[in-house]
Structures are given as structure tokens and as C-alpha cells.
Amino acid sequence: MKTFYVTTPIYYPNDVPHIGHAYTTVLADVLARWHKINGYDVFFLTGTDEHGLKLQRSAEKAGKTPKEFVDEMVPIFKKYWGLLDIQYDRFIRTTDPDHEELVGRVFERLHEKGYVYKGKYSGWYCVSCEKFYSEGEYVEKDGQKLCPIHNKPLEWVEEETYFLKLSAMQDEILHLIEEGNIIKPESYAREVANRIKKEGLRDLSVARPKSRVYWGVELPFDKDFVAYVWIDALLNYLTGVGYLRDNSRFEKYWPSAHHIIGKDILWFHSAIWFSVLRMLGVAPPKMLVVHAYIVNRGLKMGKSTGNVVMIDDLLERYGSSDAVRYLLMRLLNLEKDVEFDQNLLDSIYNGELADTYGNLVRRAGVLALRRLNGEVVKAGLDESLGSLATGVISRTQQLMGELKIAESLSLSFDLLREANAYLNRTQPWSSEDPNKPLYNVLEAIRISTNLLYPVMPKTSEIVSRSLGFEIIPPPNLAYGQTQLFKVKDAPILFKKV
């Protein structure tokens, strides 16, 4: 059986997740569900990144130990992923014993191979990013050096550290990024390659002295230091599928690894992560899928910028996890930032979900129950609707393979709109024989609903149960294959905002 291993970044549990987190996580869940229904053995990993100075300070501010703090935050993340119907296979925490053990073993290996060496470091550091910024990377304003992402003052840090010899990997990693066809869309691969050509791949400080950062995984070869949180975090992708613990499991899933990330963490997930894997003798992930942001007032969402849109607000406004999932995927753009616009979301929700899909399901269900006692048998196929449906099935599979989810959703709604128009033209409510038009409308609904299933699983199940059909793998879909619809209900799927 073919496998599909999909991951989200692991999130800092220093605050409640918002729609920026949901954007990435829903995308990963949609891809997991799409592959699962297409017959793949799927493993979906998400979780929380629980070490480092940022969380240490958040905990101190709250008057708690870091472990107490993260133990209180993790159930909140799990609650929101439950509310959005995220079906992960493991929720990994960097404080999990198997992960901490792996981090120690990896550092030991890298040290033994000569890739980790001791030195001194000085530089401008952003606590929120947990990274150093060199000249040209930070922003200068009123004499202050600011983080380009969080717009917060950087801190000058001088200390002993351990470095990772990234410079030894430069030529291999540049070749891999330019020729490996791993980073999607390709514009992001060019961005990383250009940066390596311009700056080189500099050795990276991968340890923090315990005197400053005590909250982390202790280095096995020097108890006075903890692992740099970013290396600790990236290794979760290996822990999740049993690296160094369960070889058969690792060999089963790792070759199909798809990392889903936002563009802000591209450098860590490409130049640095690919280097670490190469040092360990592990192949790179099959694909690194990078998306742009949902921005609010032109800025990336974040607590520090005060422009966060909460998941609760969307769930309350649109009434269901499926509606929120649909809206996020309908906005999805891998290459360009998308401005959060409540009016636009309302318009999509009302026009597409309530009017086009919900209204059609309701009308077709009511007519089938009233005119045919719920039993609609296979009748003459409408050539135009059938031809459109066949094209939509084929093209949707192609688009999903190309990660063009928003475009694939538009296709399903083209079919639903045409079915609405067909219903209005044929007027089965006044026809002597309403079976044929209703059969064709129900077939169009069935095919659209099947294709929408990974994005709107609960709605798809309600529609399939109500109208009497099954959710089947997309390659098995064909217009006119249903012999009989036994309609039980005419559900109201979405109430207008």
C-alpha cells in the first residue's frame, strides 16, 4: 500500500491558536483525508514546540514552571483541533520522553561525526523567533534594531555555544534545493537558493547555556548546555515515525514525508533541516509545501501586532467546523498573502455554501420526498451535466495532486451551479415525470459531495446519509453509476449570515 506522511509545524503553546495556525493545520488535514480516501496508508503528525527561552519567559510571567505552563496549554490546542475536525494520528510534544531521547541521540551522533563544535557567539537575538539576526536581516528604526517579523527590539547576546557545521553542507544543499524538486511552489526554492548564494551557508549556533536558557533538552556531551529549540523542534518529524526506535515504521513512512509550513519558517525547514538530515544520512522529505499568510491589516497575524482573528469567532459566525474549513481552503494561496476580509468571507459563505450547495440539497431532497416518496431511480442521463461532471472528477484529481485546493473547490461549485440551473430549467416540481431531472440533479450533488469530502467531511456525511449514497474514492466516481437514490431527509446545511 502507498503511504502518505504529512506534518504541520509544531506550534508554540504560549497562547491560544488562531486562524493562522488553523490555515496550516486544516490544509494538512485536507491532504491527509484526500490521500486516505484514495487508498493511501496515511500518518498525520501535529503537535507543540515546548522548549526554549520564549516559553520559559511566558511561564515565568504567569508564575508557573515551564512544564506546568505547557501542560495547561496543550489541551487548549487539542480542543481547537477537535473543534475543526482535525484527525491527526499523533499529537507530538517536544517534552515527550521518546522525543527528548531522540534529540540527545541525534546531538551525540552529530558531535561524534565532527559536525558539532564548541565556540563563542555574539549577535542580535529575537526571543520570539528564537533566532539570531545578522546585519542586513534586521530592521533599524530610531536607532533600535528590530526583529523583521515581530517588530520587537532585538537583544545583544554574547556567549559560549556549540555550532553546527552547516558550511560543510553548502554545495550539497544548494544542489538539492535547485535540482531536488522538493520545495513547492518553486518560487520558494529559488528564494532559498539565492540566499545561500548570497550569504553562504553559515555555521549555526545550536546550543544555549543553561545559565540563560534552562528549559530545553540537555546536551549529552555537555550538561551546561541545552539544545537550540529549532533543532529540537525539527527533529519531531523523525520522532513521529520512529527514527532510531522503529526502523520498519520509519522506512515505511519517511520516504513519503510532506511538511506543510508557512513561509516565515522556510529557511529552517530547507537549508537547515536538509543539512541536519544529510549529516545523519537521512534522505530529505519528499515535499516541503510552503504557503503564504492570511494577513490582517497588511500584517502577518500575531499577538504582538494585535491583529489576530480567533477560531472561536469564525466558528460562532459560520456555525460549523466545515464552513470554517471551507472558507480557509477557499482562500488558500501558496504564493501570495491573502488579506482577511470579513465581508468577502460572508459573501463566499452565503453565495456558495448557503445558496448554491445548501439550497440545492434542500430543494432536491424536498422534491424527491414529495414527488417520489424519496425513491429516485436511474433514468435518462443529461448529456451536458454528465459531461461537466466527468470533467470535474478528472480535473479535481489533477488539481489536488498539484496542491491547488482552492481551484478544485471552484470546480465542484461549477457543477453545483449548473445543477441548480438545470433544476430551474426542467422544473420537476410541475413535471408529470420528475424522476429524470431529479436523478440528474442528485447525481451532480453526489459527485460534488464526494469531491468536497476532504474539506467538509461532516457535511458530506450528512448529505450522503440524507440522499442515500456512499462516499467513495474519487477515481471510482462516474456520472450515472447510481441505480437508486433512497432519499431520507432534506437537510438545511448552512444558515445564511
Side-chain angles (χ1 to χ4, degrees), residues 9-14 47-62 64-71 73-74 92-133 154-166 202-240 243-245 265 267-269 272-273 275-277 279-280:
I10 49 174
Y11 304 111
Y12 276 130
N14 63 325
T48 41
D49 179 3
E50 300 183 12
H51 291 129
L53 185 58
K54 185 174 172 179
L55 277 162
Q56 181 180 307
R57 288 190 179 173
S58 294
E60 286 165 356
K61 195 174 172 184
K64 296 181 170 76
T65 68
K67 189 66 167 74
E68 286 170 343
F69 184 81
V70 294
D71 282 350
M73 289 302 298
V74 164
I92 195 168
R93 300 177 58 180
T94 51
T95 52
D96 287 343
D98 63 337
H99 178 72
E100 291 192 340
E101 182 193 330
L102 180 81
V103 173
R105 290 179 71 182
V106 164
F107 266 87
E108 191 83 78
R109 283 195 172 194
L110 295 175
H111 189 242
E112 285 169 0
K113 288 183 170 190
Y115 288 120
V116 172
Y117 65 92
K118 199 168 189 180
K120 286 197 170 180
Y121 193 88
S122 58
W124 293 100
Y125 190 73
C126 173
V127 173
S128 293
C129 292
E130 303 267 14
K131 71 170 276 191
F132 287 98
Y133 282 97
L154 300 175
E155 299 178 15
W156 179 258
V157 175
E158 293 185 46
E159 61 194 16
E160 279 198 319
T161 188
Y162 282 88
F163 286 94
L164 185 66
K165 204 179 284 184
L166 292 181
R202 301 170 186 165
D203 292 355
L204 178 72
S205 168
V206 290
R208 301 290 180 261
K210 273 192 184 169
S211 55
R212 183 167 72 86
V213 187
Y214 58 82
W215 180 235
V217 180
E218 201 174 77
L219 296 190
F221 47 82
D222 192 333
K223 306 297 184 190
D224 292 330
F225 288 84
V226 296
Y228 174 38
V229 68
W230 258 107
I231 304 299
D232 171 4
L234 287 165
L235 290 170
N236 94 88
Y237 303 131
L238 298 184
T239 306
Y243 179 63
L244 300 184
R245 287 173 76 91
I265 50 177
W267 179 255
F268 287 100
H269 278 81
I272 294 170
W273 181 223
S275 296
V276 171
L277 291 169
M279 290 170 183
L280 292 170

| task | Ignoring hydrogens and angles, tell me if any N or O in the side chain of R109 forms a donor-acceptor pair with the backbone of L280 under 3.5 Å. | result | no
| field | Six-ring centre of F225, R208 cation under 6.0 angstrom, axis tolerance 45° | value | no
| request: Please answer whether the main-chain N or O of T65 pairs with a side-chain N or O of E68 as donor and acceptor at a distance below 3.5 Å. | output: yes
| task | For E50 and T48, run side chain to side chain donor-acceptor pair (under 3.5 Å): C-alpha distance rounded to whole Å, both residues' side-chain angles, the deciding distance at 0.1 Å, then the answer. | result | CA-CA 6 Å; E50 300 183 12; T48 41; 2.7 Å; yes
| request: Compare all side-chain heavy atoms of Y121 with those of E158 and state whether any distance is below 4.5 angstrom. | output: no
| D96 (side chain) donor-acceptor with R93 (main chain) under 3.5 angstrom | yes
| said: Is it the case that the side chain of K54 and the backbone of S128 share a donor-acceptor pair, with hydrogens and angles ignored and the cut-off at 3.5 Å? | reply: yes
| request: Give a yes or no on whether the backbone of P66 and the side-chain of Q56 come within a donor-acceptor separation of less than 3.5 Å. | output: no
| Sole candidate of L277, L204, I265 that passes side chain to side chain contact (heavy atoms under 4.5 Å, CB included) when paired with I272 | L204
| message | Looking at D49, is its backbone amide N or carbonyl O close enough to the side chain of T94 to form a donor-acceptor pair, meaning the two atoms are under 3.5 Å apart? | response | no
| Quick check: does any side chain N or O of N14 sit under 3.5 Å from a backbone N or O of L55, one acting as donor and the other as acceptor? | no
| According to the interplanar angle, ranging from 0 to 90°, do the rings of H51 and W215 count as parallel (below 30°), tilted (30 to 60°) or perpendicular (above 60°)? | perpendicular
| message | One pair to check against salt bridge (charged side-chain N to carboxylate O under 4.0 Å, His left out): E160 and K118. What are the steps and the verdict? | response | CA-CA 7 Å; E160 279 198 319; K118 199 168 189 180; 3.8 Å; yes
| field | Chi angles and distances behind the side chain to side chain donor-acceptor pair (under 3.5 Å) call for H111, D222 | value | CA-CA 11 Å; H111 189 242; D222 192 333; over 6 Å; no
| task | Could you please spell out the steps behind the salt bridge (charged side-chain N to carboxylate O under 4.0 Å, His left out) verdict for R57 and E155? | result | CA-CA 14 Å; R57 288 190 179 173; E155 299 178 15; 2.9 Å; yes
| Those residues that, when tested against E101, pass side chain to side chain donor-acceptor pair (under 3.5 Å) (two or more places apart) | R245
| Are any side-chain N or O atoms of K113 and backbone N or O atoms of M279, one a donor and one an acceptor, separated by less than 3.5 Å? | yes
| request: Anything under 30° is parallel, anything over 60° is perpendicular, the rest tilted; go ahead and classify W230 against F268. | output: parallel
| request: Go through the structure and list residues passing side chain to side chain donor-acceptor pair (under 3.5 Å) with H269, not counting sequence neighbours. | output: Y237
